[in-house]
Amino acid sequence: MEAGLAESGIRSYLSRRVITSTDEFLDTGLTGGIRPILVRPGAIQAELVRVHLGLLVVDAVYCSLPLALRGETAADRVWLVAPMNATGSGQLNGEQLTPGNLLAFGGSAEVAGASGAPLHCGILTVAPSALERIATALGVKSRPPGEGELRVASVVDRGRLSRAFDLLSHTVKHHEDAALTKGEAAAIERAFLEIAVRSLAGGSSLSSPNQSARLTSARIVRTCEDYARKWRYQDVTLAGLCEASGVSERRVRSAFYECYQMSPTAYLRVAALNAVRRDLVEGPRLRNSVSHAATDWGFWHLSRFAAQYRALFGESPRRTLSHRTDRPQAVAN
């Protein structure tokens, strides 16, 4: 294969991050802008190994706690998800995270899903032009997903994929946060890109008979979430979700179970709790910040809200706010 991206003079960088706090866990930087949503209480233990190879970014992700994901992929990147668990654990856009499958999202693709626990997967983020370049070098036809598209492919060499992630783990043990040598970067890049291109090439793509329905479920959920968030989860009813999405109550319920493995009511409650936490952590600090944030996101019974918040995040809202010693207190209007 001709010279790869890592050999083009772009500095390659490897990092490892161990996560034990809720604030780090909910950082969108861990998922390429796809928003994590905590859906179950429990101790957090997660690890992210990331290598930057110019136009290619490789992540190895381990997470001990279930979570939901919601968002959209970058407009100019292909997002490839390779589940590494011994058994399936969760789904994205209704497609199961099954070892041996590669979930390929095009740019600006809607992503809605939920992971089980523990979750272990690899994520490749790469420019479509890079996939085309490698495909040309390999002499195979490139078939990356188009804008907004989800494709499911069978990994052509699961053993080599596993060894590629083992190589990544071995390398990080010797480097921690450091620049890679040109040879190390080229070996990691070549292994992952060859597997990705060959898996997506020719007739290797799986055509799921339910894929159109599943993508529709993701859009139904996205419409319902946008509607609920617009009203800041205040007085949002199932009837309102049906009217906003234009489908029946049964279809709304099935879409949420398909995408998040939760009922609409349960999911929107945890989404609202996560929104409150983001306000407490990231927003301006006001007098009565907790009550202001809670009522702003639709929680009118404050003692019940505090109990639900503590159950999900393992601490009181005021304890979350107490972490915010870096911001001056503002006077509420």
Can you confirm whether [X] is buried at [atom1], in the sense that more than 12 heavy atoms of other residues, nucleotides or ligands lie under 6.0 Å from that atom?
X    : atom1 : answer
E147 : CD    : yes
R160 : CZ    : yes
R232 : CZ    : yes

Taking the side chain as C-beta and beyond, is there a heavy-atom pair between [X] and [Y] under 4.5 Å?
X    : Y    : answer
R70  : R222 : yes
L150 : V111 : no
F192 : L161 : yes

If the plane angle is over 60° it's perpendicular, under 30° parallel, otherwise tilted; pick one for Y267 and F256. tilted
Students often mix this up, so state it plainly: with edges at 30° and 60°, are the rings of Y233 and W297 parallel, tilted or perpendicular? tilted
Closest non-hydrogen atom pair between L200 and A153, with its separation: CD2-CB, 4.1 Å
So, R253 and S248: side-chain donor and acceptor under 3.5 Å apart, yes or no? no
Does either side chain, that of R251 or that of S254, offer a donor lying less than 3.5 Å from an acceptor on the other one? yes
Identify whether the distance between the nearest side-chain nitrogen and carboxylate oxygen of D226 and R219 falls below 4.0 Å. no
How long is the span from the CZ atom in R133 to the CG atom in L193, to the nearest 0.5 Å? 10.0 Å
To the nearest 0.5 Å, what is the distance between CD (Q45) and SG (C63)? 9.5 Å
With sequence neighbours excluded, residues passing side chain to side chain contact (heavy atoms under 4.5 Å, CB included) with T125: V57, R77, W79, I123
Worked check of side chain to side chain contact (heavy atoms under 4.5 Å, CB included) between M262 and R269: CA-CA 11 Å; M262 302 173 71; R269 182 187 305 117; over 6 Å; no
